[in-house]
Enquirer: 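Have a look at the structure that comes next, please.
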Amino acid sequence: MNPTTPTDATAAATPESRGHFIYQFIAEDVAAGRNGGQVVTRFPPEPNGFLHIGHAKAICIDFGMAEAFNGRCHLRMDDTNPAKEDESYVRAIKEDVRWLGFDWGEHFYYAADMFEQMHDLAVALIKSGHAYVCDLSQEEWKEYRGIPTEPGIESPYRKRGVEENLDLFARMRAGEFEEGSRCLRARIDMTSPNIHFRDPVLYRIMKQSHYRTGDQWQIYPTYDFAHPIEDALEGVTHSLCTLEFEVHRPLYDWVIDRMQELGMLVVRDGHTIRPQQREFARLSLDYTVMSKRKLLQLVQDQLVEGWDDPRMPTISGLRRRGYPAAAIRDFCDRIGVSKYKSSTELALLESCVRDHLNRTAQRRMAVIDPLRLVIDNYPADAEEWFDAVNNHEDPEADTRKVPFSRELWIEREDFMEFPDKKFFRLAPGREVRLRYACLFTCTSVEHDDEGRVVAVHGTYDPESRGGNAPDGRRVRGTIHWVSIRHAQPLETRLYDRLFTVPDPEADESRHFTEFLNPDSLRCVNAWGEPSLTELLPGETVQFERLAYFCADLRLSRPGQPVMNRTVTLKEARGKN
RNA sequence: UGCCACAUGGUGUAACGGUAGCACAGCAGUCUCUGGAACUGCUUGUCUAGGUUCGAAUCCUAGUGUGGCAACCA
């Protein structure tokens, strides 16, 4: 079945693929022919910070639902607060959404471009008695508004006449009044158990320059007023957001109702588009923080190297770290969508990253903590180039040549002078395979004055060239290596989780930065095989038996990649 | 003492009145020129109490627990 029509999309909602509750909600609307069966969603970030993996979930849902129902998804800057917003964030947001693999086509919008219509609606609401200018200060308003368990009382300005309201509102716009001295309120219900219905603010005075509209405005609409208007004006059918907006929904509907009365709703293909809001639980991840405010603090206090620090859960941070966009999308699929406020284990994200990188990343050999290995029966001036498979998981990936010589770097942890029985790598008297090269037996160990192992000596089996046992004898361990003579120095950054506890925000008596992991970044110098110098910024390889590493997008120089550890290989049980 | 939500293994999620399944994690094993990958098997769950029903994770009632709501933030 080709799901190109609304009816087909509905048919897809069979018991086998019912989808999550948001999907079902939309499917029912489509089946009922609401909005003529059209589906238009939107992703509406405020350009006051960088997008993070929590936004990636929202993006996947917003764009994903549009795609599932053959609709479209708009990208909109929800920029109604000039105090915090900036053009640089707009650019970063666009780049991140695009990088994640989503396309908004021509449907890119700014809320600020709709300020005039918002203002018109506000004026209309004043005229119809639905809004009034209130002179109460914020402090005073606290008294009038009441608390959740008790009703509020009406503002003394609530009965102001239409003409006076119109005049005052016009003067607010003209900048005649100080910030905070007046605001425009909806006239709804001061006794409502829902606080948001108690005459919410529609417009406030802000004498700030807006990054987009400059000094054109002295008043700015609040989220509750602006958001439904933005959706309605764009003809959005399904306005999907996170749970904290659930209590705002009646107000959202109230604004839409007013627009409907005034004939302001968009008519598309003969159908009046009436947007509806629905809410899902935001993503929370172990060992990280997700609020833009906290991420901003990490950046401003220089506790990380910037919004795109590879330890940050930002899209740009994950990108620099080497997380493939496809892995992030896969993760968002796997976590599902519900209304339960859950916390996802980092292990799931890492599993998605490994899963993808295992299939796509080429293998290379590099040694992070070097120990010298000398092959006593190999000529000092000889060298050989062995064939190494680029990726056993990918038949297209081909092979490369790796240089071999008498002295090699091996990983210090791959040798144990006094091995326990579970250890089957190199030890005195033991034979291991030097990956792709040959079989090697350790015959002696060199120590320094403190008794520390400084070199391992041994002999190789000339019959085992390429790494195959000539007689089929079983070799338990295979270790990686780099020819010292050919080794390339590599600046390498080993990343770990940013926080030491699963929920850094749980203890309200402590600041979340107290739980920063001091070992979240370790810089080391590694030795890599020569081909590593050809790595392009952003390219990811697997250092065999260690981890996936990505050439840093910012710090790498031609011929000198800086390697970010993306994610380790899964540690096998029993290994040490 | 208000209103609005939510509750299924360790974690995340599925079930739409009819066998509680999947993934991640964990454990055990097979295989392997990566202690990776792949493959096999295993452990662990419906918040509580009532009710409706032949039958309830699912519907109803009450309770418990958790979260959100008292910015002129979004």
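The chains referred to below are lettered A, B, ... by the order of the sequence lines, with proteins before strands, and numbering in each begins at 1. Small disclaimer: the values here were computed from a predicted structure and weren't measured.
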Enquirer: Using whole Å, what does the distance between atom C1' of nucleotide A70(B) and atom CD1 of Ile188(A) come to?
Expert: 16 Å

Enquirer: Below 6.0 angstrom between ring centroids: does that apply to Phe50(A) and His55(A)?
Expert: no

Enquirer: Given pairs defined as Watson-Crick or G-U wobble with both distances under 3.5 Å, what dot-bracket annotation applies to RNA chain B, with ( ) intrastrand, [ ] crossing, | other strand and . unpaired?
Expert: .((((((..((((....[..)))).(((((.......)))))....(((((..]....))))))))))).....

Enquirer: Out of Arg182(A), Arg171(A), Lys207(A), which one pairs with Glu176(A) under the salt bridge (charged side-chain N to carboxylate O under 4.0 Å, His left out) rule?
Expert: Arg171(A)

Enquirer: Between C72(B) atom P and Trp141(A) atom CH2, what is the distance in whole Å?
Expert: 9 Å

Enquirer: Using a cut-off of less than 4.0 Å, is there contact between a side-chain N or O of Lys570(A) and OP1 or OP2 of A37(B)?
Expert: yes

Enquirer: Please confirm whether any donor atom in the side chain of Glu393(A) sits under 3.5 Å from an acceptor in the base of G36(B), or the reverse.
Expert: yes

Enquirer: Of the listed nucleotides (G35(B), G36(B), A74(B)), which one gets closest to any side-chain atom of Phe423(A)?
Expert: G35(B)

Enquirer: Which value, in whole Å, describes the distance between the P atoms of nucleotides G67(B) and C24(B)?
Expert: 30 Å

Enquirer: Expressed in whole Å, how much space separates the P atoms belonging to U46(B) and G68(B)?
Expert: 27 Å

Enquirer: Work out how far the P atom of U66(B) is from that of A15(B), and round it to whole angstrom.
Expert: 28 Å

Enquirer: Could you tell me whether Arg497(A) and Asp286(A) make a salt bridge, using a distance below 4.0 angstrom between a side-chain N and a carboxylate O?
Expert: no

Enquirer: Between Asn468(A) and Asp135(A), who's closer to the 5' end of RNA chain B by nearest nucleotide?
Expert: Asn468(A)

Enquirer: Taking C4(B) as the reference, what is the distance to C42(B) when you measure between their C1' atoms (whole Å, please)?
Expert: 43 Å

Enquirer: Return whichever of Glu150(A) or Ser181(A) has its heavy-atom-nearest nucleotide of RNA chain B closer to the 5' end.
Expert: Glu150(A)

Enquirer: Could a donor-acceptor pair under 3.5 angstrom be found where the side chain of His392(A) meets the base of A38(B)?
Expert: no

Enquirer: Let's see if you can work this out: which of C69(B), U34(B), C24(B) has an atom nearest to the side-chain heavy atoms of Val247(A)?
Expert: C69(B)

Enquirer: From the list A23(B), A74(B), A70(B), which nucleotide is the closest neighbour of the side chain of Phe245(A)?
Expert: A74(B)

Enquirer: Please state how far atom CZ in Arg545(A) lies from atom P in U34(B), giving the value in whole angstrom units.
Expert: 9 Å

Enquirer: Is the gap between the ring centers of Phe115(A) and Tyr220(A) under 6.0 Å?
Expert: yes

Enquirer: Decide yes or no, distance alone: a donor-acceptor N/O pair under 3.5 angstrom between the base of G35(B) and the side-chain of Arg425(A).
Expert: yes

Enquirer: Rounded to the nearest angstrom, tell me the gap between atom CD1 in Ile22(A) and atom P in C16(B).
Expert: 20 Å

Enquirer: What's the CG-P distance between Leu349(A) and U11(B), to the nearest Å?
Expert: 18 Å

Enquirer: Are Asp387(A) and Lys401(A) ion-paired here, with the side-chain N under 4.0 Å from a carboxylate O?
Expert: yes

Enquirer: How about His356(A) and Arg329(A): does a side-chain donor come under 3.5 Å of a side-chain acceptor?
Expert: no

Enquirer: Tell me which residues in residues 333-343 of chain A put a heavy atom below 4.0 Å from RNA chain B, sorted by number, or none.
Expert: Arg334(A), Ile335(A), Val337(A), Ser338(A), Lys339(A), Tyr340(A), Lys341(A), Ser342(A), Ser343(A)

Enquirer: If you go through the side-chain atoms of Glu571(A), does one of them form a donor-acceptor pair with the base of G35(B) closer than 3.5 Å?
Expert: no

Enquirer: Counting side-chain heavy atoms from CB outward, which of G35(B), A70(B), G2(B) is closest to Arg145(A)?
Expert: A70(B)

Enquirer: Pick one for A23(B): is it syn, with its angle within 90° of 0, or anti?
Expert: anti

Enquirer: Of the nucleotides C72(B), G68(B), G36(B), which one has an atom closest to the side chain of Cys183(A)?
Expert: C72(B)

Enquirer: Thr222(A) has a side chain; which of A74(B), G36(B), G68(B) sits nearest to it?
Expert: A74(B)

Enquirer: Report the distance from atom CG of Leu546(A) to atom C1' of A37(B), rounded to the nearest whole Å.
Expert: 16 Å

Enquirer: May I ask you to check whether Phe245(A) and Tyr252(A) place their ring centres under 6.0 Å from each other?
Expert: no

Enquirer: In whole angstrom, give the distance that lies between atom CG of Asn391(A) and atom C1' of U32(B).
Expert: 15 Å

Enquirer: If you look at every heavy atom in Ala112(A) and Asp79(A), which pair is closest and at what distance?
Expert: N-OD1, 2.8 Å

Enquirer: Taking N and O atoms by type only, does the side chain of Gln24(A) place a donor or acceptor under 3.5 Å from a partner on the base of C16(B)?
Expert: yes

Enquirer: State which of C24(B), A74(B), C69(B) makes the closest approach to the side chain of Glu345(A).
Expert: C24(B)

Enquirer: Roughly how many Å apart are G26(B) and A14(B), using the P atom of each and rounding to a whole number?
Expert: 24 Å

Enquirer: Looking at Glu246(A) and Lys339(A), is there a salt bridge between them, counting it only when a charged N and a carboxylate O are closer than 4.0 Å?
Expert: yes

Enquirer: Is the closest basic N to carboxylate O distance between Arg473(A) and Glu431(A) below 4.0 Å?
Expert: yes

Enquirer: Check every strand shown and say whether Glu46(A) touches a base, only sugar-phosphate, or nothing at a heavy-atom separation below 4.0 Å.
Expert: sugar-phosphate

Enquirer: Just to verify, what does Tyr110(A) make a ring pair (Phe, Tyr, Trp, His ring centres under 6.0 Å) with, not counting sequence neighbours?
Expert: Phe108(A)

Enquirer: When you get a sec, tell me which of A70(B), A74(B), C4(B) is the closest nucleotide to the side chain of Ile147(A)?
Expert: A70(B)

Enquirer: Could you check whether Thr80(A) gets within reach of a base, just the sugar-phosphate, or nothing at all, counting any heavy atom under 4.0 Å?
Expert: sugar-phosphate

Enquirer: For the CZ atom on Arg282(A), are there more than 12 heavy atoms of other groups (residues, nucleotides or ligands in this structure) within a distance under 6.0 Å?
Expert: no

Enquirer: Mind checking whether Tyr436(A) and Phe386(A) have ring centres under 6.0 Å apart?
Expert: no

Enquirer: Considering only the P atoms, how many Å lie between U8(B) and C47(B), rounded to the nearest integer?
Expert: 6 Å

Enquirer: Quote, to the nearest angstrom, the P distance that separates C3(B) from A74(B).
Expert: 28 Å

Enquirer: Counting any heavy atom closer than 4.0 Å, what does Tyr220(A) reach on the DNA or RNA strands: base, sugar-phosphate only, or nothing?
Expert: nothing

Enquirer: Side chain of Val201(A) only, please: which of A25(B), A74(B), C72(B) is the nearest?
Expert: C72(B)

Enquirer: With a 4.0 Å cut-off on heavy atoms, is His227(A) in touch with a base, just the backbone sugar-phosphate, or nothing at all?
Expert: nothing

Enquirer: Which part of the nucleic acid, if any, lies within contact of Leu346(A), taking any heavy atom under 4.0 Å across all strands shown: a base, the sugar-phosphate backbone alone, or nothing?
Expert: nothing

Enquirer: Across the strands shown, which category fits Ile195(A) at heavy-atom distances under 4.0 angstrom: base, sugar-phosphate, nothing?
Expert: sugar-phosphate

Enquirer: Mind checking the P distance from G45(B) to G9(B)? Whole angstroms is fine.
Expert: 9 Å

Enquirer: Could you tell me how far apart Phe169(A) (CZ) and C72(B) (P) are, to the nearest whole angstrom?
Expert: 16 Å

Enquirer: Has Arg204(A) got a side-chain N or O lying under 4.0 Å from the OP1 or OP2 atom of C73(B)?
Expert: yes

Enquirer: With a 4.5 Å limit on heavy-atom distance, are the side chains of Gln362(A) and Arg400(A) in contact?
Expert: no

Enquirer: May I ask you to evaluate whether Arg363(A) reaches the phosphate of U34(B), defined as a side-chain N or O under 4.0 Å from OP1 or OP2?
Expert: no

